[in-house]
Amino acid sequence: RRLAALGSRCQAATIMTFAPAVPFPAFHWSPVCWLSFCTLAGQLCHAAVADPSSSESRCSEDLDASFSTWFSVSGAATTPRSGEASLAADFKHLVAQLEACWRHGGRYWETVLDIRSYYADLRQRIDACTTCWGWEALLKQWENLPETFRSGICAPSTCRRSGVRVIVMPRFLARFYYFDAPLPPVKLEHVKMNELSQWSKMNLDFVVAGVNSCGTSSLRQNMDLHPEVGFTMNGEDDAFFRHDTLLPFKWEVEELNHRWHTVRHKGHTARGLAHPGIFGSARIRFGLAQLKNLQVFVVVCDPVSRWEKVTLLGSLCGSRAVPVPVGSSREHRCWPTLSAAVQELDLLPRWPMGDAAHAMLELFGNRLQLVHQESLRLEPRRTFDGLARALGLGPFPEWAEFRRYHAFRGHRTDLCRNASLLAQLKRWLEPEYVELSRVFRATGQAIPQELLTRRTRCERPEELQGSLPDPALPVSTVLDMRELEAGNAMLKDEVVALRQRVTELAGGFDPRGSGEK
């Protein structure tokens, strides 16, 4: 009787209403019947979503009771809308919504909906429906929507993942896009969902944040010699690089915090994570700045020496299966020698350090522990004891032997045999020398001598002597890379290049005395 009374009114209505759900325990709707029912009586369609006896009925009731409140703290962008230019504003807006959602007792979700597939499914349902009417206007509204809808949604805490997908999302989408008809539930294959949390909830005391090819492996492995220091894993931890969302997922925070409760970390009071990519990621830098007591360790080095190494590993022919993309066209190019590469400097990246170092100093202030590679080589104990003090720890034990890792001696390329090429690169990278000097001065430190004098590895005779890798380099690990290949497929190209290079440099000499090259 209620449906009959509403029939004529609903047929003519074009407004969107969100009345509390009216339970219909005996109704079990197929998708097509549900669609027809919602078409006829938009005010009552929630009854078809879930059996009132299920856990989702509580979700629907709590959503309807304060829908305007939940909607008002939803809709923030979960990724920067305009890159780094909008990063700070987008981050602030997202955090404000998440905290407001928590104050209302809700849970905040990132939802990524494939609108094209959702629309195609809706179109298919309507085409198969013989009693549906009035949907053409709604379908026309979909034509101008983006292919993907990505947004934060606040839902009552009683709504589990399935409830957010089936109950909350259709309501939110209809209100967000001003649709004048209710929408069907979102299927699992149409959406990706993750509950969001806060960076500040991570149990971290410090990070080794970069710079790549400047000594981050040495920094990490030598810090690990301190008995009170523990890292999330033995190696680079890419936990922050799984996605590009501004906030971490709740399960990621819980997973990281759980690691410190294992037997491996018993006695570790300084908890750290290492990945050189942190240095170049504005999103991760901004997120980590929310950890108010976090110390950030960054090692920088001579710009020319680093540029030679990075170019060697990424752009010289034979160094990797697929060269790094260069130029505005992002073409995968390689060059036989560094001299040949320099002939097309406009195509090659500078691999800058200065801008990111300035950004880190602004974000972290005196929590940024900036060191130069020179101090790791010449005064390792003083340097590492200073880093320990920054963490509130005592000095390293006397038995600690500070080594260099992944450092190749000898002539890596033709650079150090070509004085004019070396001078050209110094001129090209002079802005980097200037910026790094400014950063050191801003931290209150003395500018390292290598930075002042523009001294590269080519002017350090000890670096060019011999043709073997540094003795601290684990040659056996580089030559037998089965474990690394199994553990991290991303390193495969680099593994092949390192194996070829080390085999070439070793030339038959066995540093371990085992008869193996």
Side-chain angles (χ1 to χ4, degrees), residues 204-226 228-229 231 236 270 272-280 285 288-289 294-307 309-310 351-396 400-407 432-457 460 463 470 472:
L204 277 177
D205 299 303
F206 73 100
V207 291
V208 174
V211 177
N212 68 306
S213 296
C214 274
T216 51
S217 295
S218 301
L219 185 56
R220 170 179 53 80
Q221 297 197 52
N222 287 322
M223 282 300 301
D224 208 20
L225 295 175
H226 199 290
E228 295 181 65
V229 169
F231 283 91
E236 297 173 1
L273 180 148
H275 197 291
I278 294 173
F279 183 79
R285 296 195 307 258
L288 289 175
L294 184 78
Q295 296 287 322
V296 179
F297 296 170
V298 171
V299 54
V300 297
C301 57
D302 172 64
V304 170
S305 302
R306 175 174 177 261
W307 189 86
K309 184 177 181 180
V310 175
W351 307 112
M353 295 179 280
D355 291 344
H358 270 295
M360 297 199 87
L361 183 59
E362 290 180 6
L363 281 172
F364 297 99
N366 58 10
R367 292 185 289 144
L368 173 63
Q369 307 299 324
L370 185 68
V371 299
H372 195 279
Q373 188 189 76
E374 178 184 48
S375 64
L376 298 186
R377 292 196 316 270
L378 304 182
E379 301 178 298
R381 181 166 291 276
R382 185 183 69 82
T383 301
F384 284 102
D385 281 347
L387 296 176
R389 280 195 302 275
L391 296 174
L393 306 178
F396 278 74
E401 183 180 351
F402 303 103
R403 297 185 175 186
R404 293 175 61 193
Y405 295 86
H406 299 175
E432 275 296 289
Y433 286 104
V434 173
E435 285 302 311
L436 288 177
S437 298
R438 288 176 178 170
V439 176
F440 271 101
R441 192 178 296 114
T443 63
Q445 300 183 62
I447 300 176
Q449 283 298 309
E450 284 187 7
L451 197 53
L452 278 173
T453 60
R454 312 302 195 249
R455 188 163 67 247
T456 71
R457 69 184 302 271
R460 300 199 304 269
E463 290 291 320
D470 188 280

Heavy-atom closest contact ([X] atom, [Y] atom, distance):
X	Y	answer
V439	L361	O-CD2, 4.3 Å
S218	Y405	OG-N, 2.9 Å
V211	P276	C-CB, 4.4 Å
M353	C301	CE-O, 3.3 Å
A274	R220	CB-CD, 3.4 Å
M360	V298	SD-CG2, 3.8 Å

[atom1] of [X] to [atom2] of [Y]: how many Å apart, nearest 0.5 Å?
X	Y	atom1	atom2	result
R455	D302	CZ	CG	9.5 Å
L452	L436	CG	CG	11.5 Å
F384	L225	CZ	CG	8.0 Å
F402	Q221	CZ	CD	13.0 Å
L204	L294	CG	CG	6.5 Å
H406	S213	NE2	OG	11.0 Å

Is the side chain of [X] donor-acceptor paired with the backbone N or O of [Y] at a distance under 3.5 Å, no angle test?
X	Y	value
Q445	L370	yes
R285	F364	no
H226	G394	yes
R404	G215	no
D205	G272	no
N222	R403	yes
T383	E379	yes

(request) Decide yes or no on side chain to side chain donor-acceptor pair (under 3.5 Å) for Q369 and Q295, but give the supporting numbers first. (result) CA-CA 7 Å; Q369 307 299 324; Q295 296 287 322; 2.8 Å; yes

(request) Using the six-membered ring wherever Trp is involved, compare the ring planes of F440 and H372 and label them parallel, tilted or perpendicular (cut-offs 30° and 60°). (result) tilted

(message) Less than 4.5 Å apart, side chain to side chain, heavy atoms only: is that true for L391 and F297?
(response) yes

(request) Please lay out, stage by stage, how L288 and I278 fare under the test side chain to side chain contact (heavy atoms under 4.5 Å, CB included). (result) CA-CA 9 Å; L288 289 175; I278 294 173; 3.8 Å; yes

(request) May I ask you to say whether K309 pairs ionically with E463, meaning some side-chain N is under 4.0 Å from a carboxylate O? (result) no

(message) Centroid separation under 6.0 Å, is that true for the rings of F206 and F231?
(response) yes

(message) Show, in sequence, the C-alpha distance, side-chain angles and deciding distance for L219 and L387, and conclude whether the side chain to side chain contact (heavy atoms under 4.5 Å, CB included) test is met.
(response) CA-CA 10 Å; L219 185 56; L387 296 176; 3.6 Å; yes

